[in-house]
Amino acid sequence: MQNGHTGSPELTVPAIEDLEWMYSLMLEAKGADEAAAAEARQGKLQAALYPVRGLEGVCAALGVAMTDDDQMISSYRNLGDALACGIPLRTIIAEAYGRLGGTSKGKGGTMHLTDNERGLITTTGVVGSGLPMAVGLALAAQLDSSRSENAARAIVVTFGDGATSIGSAHESFNLAALWNLPLVFVCQNNQWGEHTAIDAYAANPNLAERVRSYGMHAEAVDGFDPMATWRTLSSALDRARSGGGPSFIECKTYRLTGHSGLSDYSYVPSDDLSAALERDPGPTMRRWLLENGYVSEARVSELETAAENTISEAFAFAQSSPPPDPSELLDDVYASKEGFPVR
Amino acid sequence: MTSTEVTNTQGAADEKKMSIVAALNSALDIALTIDEKVLIMGEDIADPIGGVMKATKGLSDKHGVDRVRATPIVEQTIVGSAVGAALGGYRPVAEIMFMDFLCQAMDQIVNHAAKTRYMSGGHSSTPIVVRAMIGSSNFGAQHSQALEGWFMHTPGLKVVMPSNPYDVKGLLLSAIFDDDPVVFIENMSMSYSVTGMVPTGDYRIPIGEAAVVREGSDVTLITYGAEVHTSLAAAEALAGDIDVEVIDLRSLVPLDISTCLRSVQKTKRAIVVHGSTQFCGPGAEIAIQLTDALWGELAAPVARLGASYTPVPFAAELQSIPTETSVIAAVQVLAEQG
């Protein structure tokens, strides 16, 4: 995290270069989503896609709130989270194409990105399964900091609102609170659990209120407001690093596309979708940057051109990256291949 | 019981008679002592109770409740947090009490622990041990299943099923310091009843090496876990009539088929004996591998003797798993063939 400008806490904003970085991340996430869907529609990309549209502001805020030492576990809807960790878009897209240049040598695919050096420890394709793993990763962080003079690190786990229905999420909330773990549960609430609206699957859709009862700090924030989200996540991460225990941050957004890349979302009420699109975090941040004079119109244009170039370059890199050699099939099942079946 | 060969003599000068539970405790104590990255997590494992079978007795007092960590009743999150701690650089041992409760944790074992290395392109590993116990029919059908076949069917896992205190300790130490996830399966019927001399120090038995625990020339019994004792008892009962060799596989993945082949090349007859269901059980894989390799040399088809394809029955009259009597009968039938 960069030091924010001083001032009253509710008005603090990140440094200019971080604001620019946030806006660029949002552009890259949206642009890469759309480019990947276009490739898939043309049959050129054979991959399950889970767009981040609507979550870009949350991902951007996370990227600035997390330090280089903090670590994350994400889900299948991970493109923005991966960018937040600082993973180059080209390796994310190369993984989508199943190429050697991907984060996982093409063996993971879109749902399974790993970049340990940049703090993305794993991403799961199973709804809610990241939370128990995050409990263990946070336990490791807690034990490490109790044994070393090194700066404490916080763990972030991201998941959708749908994951809060999963039993092990509740096991994890309880354990994180019980053990006072340095863990921030970041619920990217897009109001839809796959194709079912939150009101239809939760008797109490106030997720922060539900999780507060486990005995941890829990609050909701407007996930379409990147600054408010950044402030809330930053204080949650500070609390985790300083031994103050876990937090549950419900970032309220709205899913601006279908559940998956090419899936039908005609069932989404058009009034709700229109209202959400009015608050689309990318354009909202653009206006905010200009109105407050943080960035000039010319600089915004530069950032937009740079993002377009990054996206084009990422897809070109991915498409030219070689696939894994067929001999790779049997590698990485175990630490060593010796003695194991091949069929 | 027949003692197995000592493969690492370090500490062998200082031996002690141990139950399987004592051997588990000794291995865990050594692992916690020599590597601060070793953790244990599970229900009721901290002192004063020290685990429902007492396998962790004294360990939280000695090594601290941070490292010998009692959890709520949350099997999925015990294993899930073990996976996460492993990804964070630790070597966790997750104790899941009865194997049946692994059903609660299958997502973390099968979808996560087993696949993380592969799905990350080799960038990550999950060096966890999941300890679980086959219970007994006294508890009915939900505390007694032998489910090792499920884990054999999942690439990425190692599956260890020892039969005696010496192997328990040496294999558990190997499992804890193995860089792959290991499902370590115990059997409640042996926890206190099977004892043997065990070195008090550190020694390791490589995972994936079977042991010939009784030599014989007429029929080979290939088995593991508690059925090693059933098979040895049957072999002793048949001594003088049929000369039975008994192989204790010790692990199912990796599977030491070479030791089995060497034996069956000699005896020409083999039965795979296990407590999991015969239908689609481990014996099916072992039998076809032996048949493929020794077709034309076998005096009789490779036989299997596993559990009935039923839930484990409660009433003692309903006998599901192989007994000394049923193993003897199967050996006698096979010995007459060919």
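Computed from heavy atoms alone, side chains included, the values below leave out hydrogens, waters and symmetry copies. Throughout, a chain's letter reflects where its sequence line sits, starting with A, and its residues are numbered from 1.
- Of the N and O atoms on the side chains of A:Thr164 and A:Arg210, not one donor lies less than 3.5 Å from an acceptor on the other residue.
- For residues 101-129 of chain A, the interface with chain B (any heavy-atom pair closer than 4.5 Å) comprises A:Thr103, A:Ser104, A:Lys105, A:Lys107, A:Gly108, A:His112, A:Thr114, A:Asn116, A:Ile121, A:Thr122, A:Thr124, A:Val126, A:Ser129, sorted by residue number.
- Only the side chain of A:Leu175 comes within contact range of chain B, with at least one heavy atom under 4.5 Å from a heavy atom of that chain.
- Donor-acceptor pairing under 3.5 Å is lacking for the side chains of A:Gln46 and A:Tyr97.
- Interface remark: A:Glu95 contributes no atoms to any contact with chain B (heavy atom separation under 4.5 Å).
- Of the atoms belonging to A:Ala335, heavy atoms from both backbone and side chain fall under 4.5 Å from chain B.
- Not a single donor-acceptor pair under 3.5 Å links the side chain of A:Ser247 to the backbone N or O of A:Ile249.
- Residues A:Tyr201 and A:Asp161 bring a donor and an acceptor atom of their side chains to less than 3.5 Å of each other.
- Contacts with chain A were tallied for B:Arg67, B:Arg69, B:Lys115, B:Lys37; B:Arg69 has the most, counting heavy-atom pairs under 4.5 Å.
- At a 4.5 Å heavy-atom cutoff, A:Leu131 makes no contact with chain B through either its backbone or its side chain.
- Looking at B:Ser125, there are no atoms closer than 4.5 Å to chain A (heavy atoms on both sides), in backbone or side chain.
- A:Leu329 touches chain B through backbone and side chain together, each having a heavy atom under 4.5 Å away.
- Put simply, CD1 on B:Ile96 and CG on B:Leu102 are 6.0 Å apart, with the number rounded to the nearest 0.5 Å.
- Contacts of B:His112 with chain A are made by side-chain atoms alone, with heavy-atom separations under 4.5 Å and no backbone atom involved.
- Of the atoms belonging to B:Gln108, it is side-chain heavy atoms, and not backbone ones, that fall under 4.5 Å from chain A.
- Taking the six-membered ring for Trp and thresholds of 30 and 60 degrees, A:Tyr214 and A:His170 have ring planes inclined between 30 and 60 degrees apart.
- Neither side chain, B:Asp178 nor A:Tyr334, offers a donor N or O lying under 3.5 Å from an acceptor on the other.
- With chain B as partner, the option from A:Gly339, A:Ser336, A:Ser168 having the largest number of non-hydrogen pairs under 4.5 angstrom is A:Ser168.
- Contacts of B:Ile257 with chain A are absent, with no heavy-atom separation under 4.5 Å from either backbone or side chain.
- If you check the side chains of B:Thr71 and B:Glu43, you find no donor sitting under 3.5 Å from an acceptor.
- A perpendicular orientation is assigned to the rings of A:Phe173 and A:Phe248, their planes being inclined by more than 60° (bins at 30° and 60°).
- Residues A:Arg153 and A:Asp70 are not paired through a salt bridge, judged by the lack of any N-O separation under 4.0 Å between the basic side chain and the carboxylate.
- Ranked by non-hydrogen atom pairs under 4.5 Å with chain A, the options B:Gly156, B:Gly89, B:Gly122 are led by B:Gly156.
- Under the 3.5 Å distance criterion, with hydrogens and angles disregarded, no donor-acceptor pair is assigned to the side chains of A:Thr67 and A:Asp69.
- Under the 3.5 Å distance criterion, with hydrogens and angles disregarded, a donor-acceptor pair is assigned to the side chains of B:Thr259 and B:Asp256.
- Both the backbone and the side chain of B:Glu36 come within less than 4.5 Å of a heavy atom in chain A.
- Interface residue B:Asp107: only side-chain heavy atoms are found under 4.5 Å from chain A.
- Contact annotation for B:Lys158: both backbone and side-chain heavy atoms come within less than 4.5 Å of a heavy atom of chain A.
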